[in-house]
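Each remark here refers to the structure printed beneath this line.
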Amino acid sequence: MADTVATVGRGRETELLQAALDGGTHVVLEGPPGTGKSTLLRGVAHSRSIGFHFVEGNAELTPARLVGHFDPARVLADGYVEEIFVDGPLVSALREGGLLYIEELNRVPEETLNVLITVMSEGELHVPRLGRIAAEPGFRMVAAMNPYDAVGTARISAALHDRTCRIAMGYQSAADETQIVAGRAPVTPDGWREKAVDLVRRTREHKDLRSGSSVRGAIDLARVTVSLAAARDRAVDDWRVGLDAATVALSGRIKVIESARRTPEEVIRELYEAVFGREPSESDPSQDSGDDDASGGARARPARAAG
């Protein structure tokens with residue numbers, strides 16, 4: 001179920017990826033976090049009934065971790081024989097004709113990327129003391145990267161770009177993201193989920209933010225709101241419950257530009273008030289009458305969400 005909802009609105013990207021893989025190319029999926037890159041590829045691998053080998057790209061991904069190594073405990077007794085070689089994800093994918101998926105490609109050290117360039121060019125890998133490993137039919141490398149993250153990343157070489165096709169993946173539509181939240185979070189009052197998604201989408205365009213939240217923020221906002229409302233014995237659409245949940249779910253996901261001189265909490269409150277309205281006054285008689293406030297949220301306590 002989770003994989004299905006995560007690929008909502010990704011029909012075009014799925015078609016393009018399938019075509020690229022069928023054409024024998026290696027692919028880079030490029031886009032911000034939370035746009036379903038890894039889930040999309042897992043779904044494609046499952047539909048093709050082929051192996052899927054996941055690699056987390058980071059500064060510690062050495063060639064040995066990617067390729068594999070000889071078991072040092074057995075080398076002294078048996079020498080460098082094929083039987084004691086421990087396959088890394090690259091060698092496993094080559095032998096099986098599977099998909100090698102490398103996340104955060106632009107965080108991988110250059111010496112490790114050079115190993116991939118050789119494999120993509122020649123369709124084979126030469127391992128010292130082991131020999132040549134040819135790629136079985138179906139082997140493809142698919143990598144993902146966030147082009148907007150400049151911290152701890154490196155520039156991808158022209159040689160690697162020249163050996164891959166690129167599929168850009170932006171954020172899905174508001175309707176698609178609302179459907180994703182509905183599939184991954186507890187049930188909420190009518191209209192509340194749409195407002196939560198609207199709030200999260202506004203973080204991506206705010207003038208004081210360098211980067212906003214993905215749909216994961218809306219999912220966590222719904223989850224935290226339902227839990228917090230139950231803990232406080234309040235309605236799910238209680239104004240203060242929602243603000244506190246939004247602060248918890250989103251303040252760590254957004255990045256404020258230094259010149260703004262604002263805290264993440266201040267920006268979240270501003271956006272929350274823009275979507276859900278300002279905090280209702282305790283002296284407002286309509287607060288206890290069940291009237292709707294200006295943002296459309298019921299002031300009277302509704303039935304609590306299921307789940």
Side-chain angles (χ1 to χ4, degrees), residues 3 6-7 10 12-48 50-68 87-125 133 135-171 211 214 216:
D3 285 355
T7 53
R10 290 300 183 202
R12 176 178 177 273
E13 289 85 355
T14 299
E15 180 186 40
L16 294 175
L17 179 57
Q18 291 275 24
L21 296 177
D22 288 341
T25 68
H26 305 287
V27 181
V28 171
L29 303 176
E30 189 173 298
T35 49
K37 296 184 290 294
S38 60
T39 303
L40 170 65
L41 183 58
R42 287 181 187 275
V44 168
H46 179 74
S47 70
R48 300 165 75 94
I50 59 177
F52 181 89
H53 302 272
F54 175 84
V55 177
E56 182 179 352
N58 54 51
E60 285 71 46
L61 182 62
T62 62
R65 290 185 176 182
L66 181 65
V67 173
D87 291 354
L90 173 56
V91 170
S92 295
L94 286 168
R95 294 189 196 274
E96 297 174 12
L99 289 179
L100 175 71
Y101 176 62
I102 302 179
E103 197 169 53
E104 304 290 351
L105 180 68
N106 48 348
R107 295 182 181 275
V108 177
E110 183 177 5
E111 63 174 342
T112 307
L113 291 178
N114 289 338
V115 175
L116 295 172
I117 290 174
T118 302
V119 172
M120 288 187 288
S121 298
E122 308 299 332
E124 61 183 28
L125 176 67
I133 301 174
E136 290 297 318
F139 167 76
R140 304 286 186 272
M141 187 207 77
V142 180
M145 59 181 286
N146 173 15
Y148 309 109
D149 190 357
V151 179
T153 62
R155 184 177 179 180
I156 300 301
S157 69
L160 195 145
H161 279 302
D162 189 51
R163 290 164 172 79
T164 57
C165 292
R166 172 181 172 272
I167 298 176
M169 295 181 61
Y171 289 111
S211 61
S214 72
R216 295 189 186 113

If I take atom CG from residue L61 and atom CD from residue E111, how far apart are they, to the nearest 0.5 angstrom?
9.5 Å
Given 3.5 Å as the limit, does a donor-acceptor pair link the side chain of R10 with the main chain of K37, or not?
no
Value rounded to 0.5 Å, distance of CG in L66 from NE2 in H53
12.0 Å
Taken to the nearest 0.5 Å, the spacing of L105 CG from T164 OG1 works out to 8.0 Å
dist N106:CG -> E104:CD (nearest 0.5 Å) comes out at 6.5 Å
Out of curiosity, L116 CG to L160 CG, how far, rounded to the nearest 0.5 Å?
7.0 Å
Backbone N or O of G36 within a donor-acceptor pair of the T39 side chain at under 3.5 Å?
no
Does the side chain of L90 come within less than 4.5 Å of V55's, by heavy atoms?
no
Would a distance-only check, ignoring hydrogens and angles, find a side-chain to backbone donor-acceptor pair under 3.5 Å from N114 to I117?
no
Applying side chain to side chain contact (heavy atoms under 4.5 Å, CB included), run through R163 and S121 and close with a yes or a no.
CA-CA 7 Å; R163 290 164 172 79; S121 298; 2.4 Å; yes
Strictly distance-based, threshold 3.5 Å: is any side-chain N or O of S92 a donor or acceptor partner for the main-chain N or O of P89?
no
Residues forming a side-chain contact (heavy atoms from CB on, under 4.5 Å) with R216, sequence neighbours excluded:
P33, S214, R253
If you look only at pairs with a residue in residues 17-41, which of them pass as a ring pair (Phe, Tyr, Trp, His ring centres under 6.0 Å), with sequence neighbours excluded?
H26-F139
Derivation of the side chain to side chain contact (heavy atoms under 4.5 Å, CB included) call for V27 and L16
CA-CA 10 Å; V27 181; L16 294 175; over 6 Å; no
Is a donor on one side and an acceptor on the other found under 3.5 Å between the side chain of R140 and the backbone of L21?
yes
For V108 and G57 the tightest heavy-atom approach is CG2-CA, 3.8 Å
Other residues, nucleotides, ligands: >12 heavy atoms within 6.0 Å of Q18 CD:
yes
For H46, does the NE2 atom have more than 12 heavy-atom neighbours from other residues, nucleotides or ligands under 6.0 Å away?
no
Test side chain to side chain contact (heavy atoms under 4.5 Å, CB included) on L40 and T14; report intermediate values, then the result.
CA-CA 7 Å; L40 170 65; T14 299; 2.9 Å; yes
If you look at every heavy atom in A144 and Y101, which pair is closest and at what distance?
CB-OH, 3.1 Å
Testing V115, T112, T62, L94 for side chain to side chain contact (heavy atoms under 4.5 Å, CB included) with V67, which one passes?
V115
In Å, rounded to the nearest 0.5 Å, how long is the span from CD of E103 to CG of L29?
10.5 Å
Is R42 close enough and on-axis enough to F54, meaning under 6.0 Å and within 45°, for cation-pi?
yes
Run the side chain to side chain contact (heavy atoms under 4.5 Å, CB included) test on V119 and M141 for me, step by step, so that the C-alpha distance in whole Å, both residues' side-chain angles and the decisive distance to 0.1 Å come before the verdict.
CA-CA 9 Å; V119 172; M141 187 207 77; over 6 Å; no
For residues 50-66, which residue pairs pass the salt bridge (Lys or Arg N to Asp or Glu O under 4.0 Å) check, not counting sequence neighbours?
none
